[in-house]
Peer 1: 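Below is a structure I'd like to ask you about.
Owing to the predicted nature of the structure, the values given are computational and were not obtained by experimental measurement. Worth knowing before you read on, the calculation uses all heavy atoms, side chains too, and leaves out hydrogens, waters and symmetry mates. To find a chain, count down the sequence lines: A is the first, B the second, and so on, and within it residues start at 1.
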There are 2 protein chains.
Amino acid sequence: MGLTKTENFTEKQNDIAKLLKALGHPARIAIIEHLLKMKTCVCGDLVSELPLAQATVSQHLKELKNVGIIKGTVEGNAVCYCLDENAFDYLKGYFSNILADVKCQQSNCC
Amino acid sequence: MGLTKTENFTEKQNDIAKLLKALGHPARIAIIEHLLKMKTCVCGDLVSELPLAQATVSQHLKELKNVGIIKGTVEGNAVCYCLDENAFDYLKGYFSNILADVKCQQSNCC
DNA sequence: TCGTATGATTGCAATATTGCGATTAACTTT
DNA sequence: AAAGTTAATCGCAATATTGCAATCATACGA
């Protein structure tokens, strides 16, 4: 039906899924990698860097902001974007834990 | 138009996006966490563990297998699933690198 | 061989996502 | 104030995803 049954999963599972879903699009990965490359936060040059229209970029930025992956602060009539350390800290931790557990069980597995 | 313009992004960006998109669903997170909890690979009890129909679970498993997050081996008339260490190694590395870079630039940012 | 069990596939309906042109809102500059 | 700049929002069309019942394919046991 196209409707994800979020009510049947734990809050944590829904949270991590939402975060990863927001990252699961090449345009949004490109946005993040561009914000990384620039040594400081980026004000407005994202549209010219990406092969997408202004409305589309704005929407992707909104999604990333909604899940807390980037922060945006208004700076005059431009907006200044940068990455939120906490989100990546959380993701790194999540995958580190999984990896540790997976390595443990590799021996008695297929 | 609902059509992601993958051709405008790098192969790496598309790859990581595909991997993260596959993880961006609570049912698939639940599958992974269940495979983790069981100390060995899991044969068939996934459907009874999840609040989803058999056809739906099978489809989620297929998506996870397509991007290399899980491996499945046929074992008689059951199928045995387990996590693929390489995928999580890759993801952990990806986020570790981002986090390191983000921490560097926190000083001169918004 | 025939029934049973397991899991994949098909086909469908409902909903979500993507992308963009057009417009709007808010601020700057002249 | 008028004109320009920047980014958010709206509304739409095209496509993708989600979930499931029904069916199919394969392997197992009697």
Peer 1: Using heavy atoms and a sub-4.0 Å distance, could you list which residues of residues 50-62 of chain A are near DNA chain D? By number, please.
Peer 2: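 Only A/Q54, A/A55, A/S58, A/K62 qualify.
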Peer 1: Tell me the interatomic distance from A/K18, atom NZ, to D/dT17, atom P, rounded to whole angstroms.
Peer 2: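 It works out to 20 Å between those atoms.
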Peer 1: Distance check needed: D/dT18 P versus A/E7 CD, whole Å only.
Peer 2: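 Going from CD in A/E7 over to P in D/dT18 covers 15 Å.
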Peer 1: Write down the protein N/O and nucleotide N/O pairs, taken from nucleotides 13-15 of chain D, whose separation is under 3.5 Å; answer none if there are no such pairs.
Peer 2:
from, atom 1, to, atom 2, distance (Å)
D/dA14, N3, B/M1, O, 2.4
D/dA14, N3, B/G2, N, 3.0
D/dT15, O4', B/M1, O, 2.8

Peer 1: Would you mind reading off the distance between A/F9 atom CZ and D/dG19 atom C1', rounded to a whole angstrom?
Peer 2: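 For the pair A/F9 CZ and D/dG19 C1', the rounded distance is 11 Å.
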Peer 1: Of A/K21 and B/D45, whose closest DNA chain C nucleotide lies nearer the 5' terminus?
Peer 2: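 In this pair, the answer is B/D45.
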Peer 1: On the nucleotide D/dT6, are OP1 or OP2 found under 4.0 Å from the side-chain N or O atoms that A/Y81 carries?
Peer 2: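 No, because none of the side-chain N or O atoms of A/Y81 sits under 4.0 Å from OP1 or OP2 of D/dT6.
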Peer 1: Using the side chain to side chain contact (heavy atoms under 4.5 Å, CB included) rule, pick out the option among A/T4, A/N8, A/T6 that qualifies with A/N14.
Peer 2: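 Among A/T4, A/N8, A/T6, the one meeting side chain to side chain contact (heavy atoms under 4.5 Å, CB included) with A/N14 is A/T6.
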Peer 1: Could you tell me whether the side chain of B/H60 reaches within less than 4.5 Å of the side chain of B/K62, counting heavy atoms only?
Peer 2: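 Side chain of B/K62 against side chain of B/H60, heavy atoms only: no contact under 4.5 Å found.
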Peer 1: Does any part of the side chain of B/L91, heavy atoms only, come nearer than 4.5 Å to the side chain of B/L20, both counted from C-beta?
Peer 2: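 Yes, at least one pair of side-chain atoms sits under 4.5 Å.
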Peer 1: Calculate the interatomic distance between A/I70 atom CD1 and D/dA8 atom C1'; express it in whole Å.
Peer 2: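 So the CD1-C1' distance, A/I70 to D/dA8, works out to 13 Å.
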Peer 1: From the set D/dA7, C/dA8, D/dG19, return the single nucleotide nearest to any side-chain atom of B/K65.
Peer 2: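 Looking only at heavy atoms from C-beta outward on B/K65, the closest nucleotide is C/dA8.
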Peer 1: Below 4.5 Å, heavy atoms only, C-beta onward: do B/I29 and A/F9 meet side chain to side chain?
Peer 2: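 A side-chain contact is absent here, since even the closest heavy-atom pair is not under 4.5 Å.
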Peer 1: Rounded to the nearest Å, what distance is computed from the CG atom of residue A/L46 to the C1' atom of nucleotide D/dT6?
Peer 2: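 So the two atoms are 13 Å apart, to the nearest Å.
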Peer 1: D/dG19 phosphate, OP1 or OP2: any side-chain N/O from B/H25 under 4.0 angstrom?
Peer 2: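 Answer is yes, contact under 4.0 Å.
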Peer 1: How would you summarise protein contacts on nucleotides 25-30 of chain D per nucleotide, using B for base, S for sugar-phosphate only and - for none, with heavy-atom distances below 4.0 Å?
Peer 2: --BS--
Peer 1: Out of A/L23, A/L64, A/I69, which residue meets the side chain to side chain contact (heavy atoms under 4.5 Å, CB included) rule with A/R28?
Peer 2: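 In the set A/L23, A/L64, A/I69, the residue that makes a side chain to side chain contact (heavy atoms under 4.5 Å, CB included) with A/R28 is A/L64.
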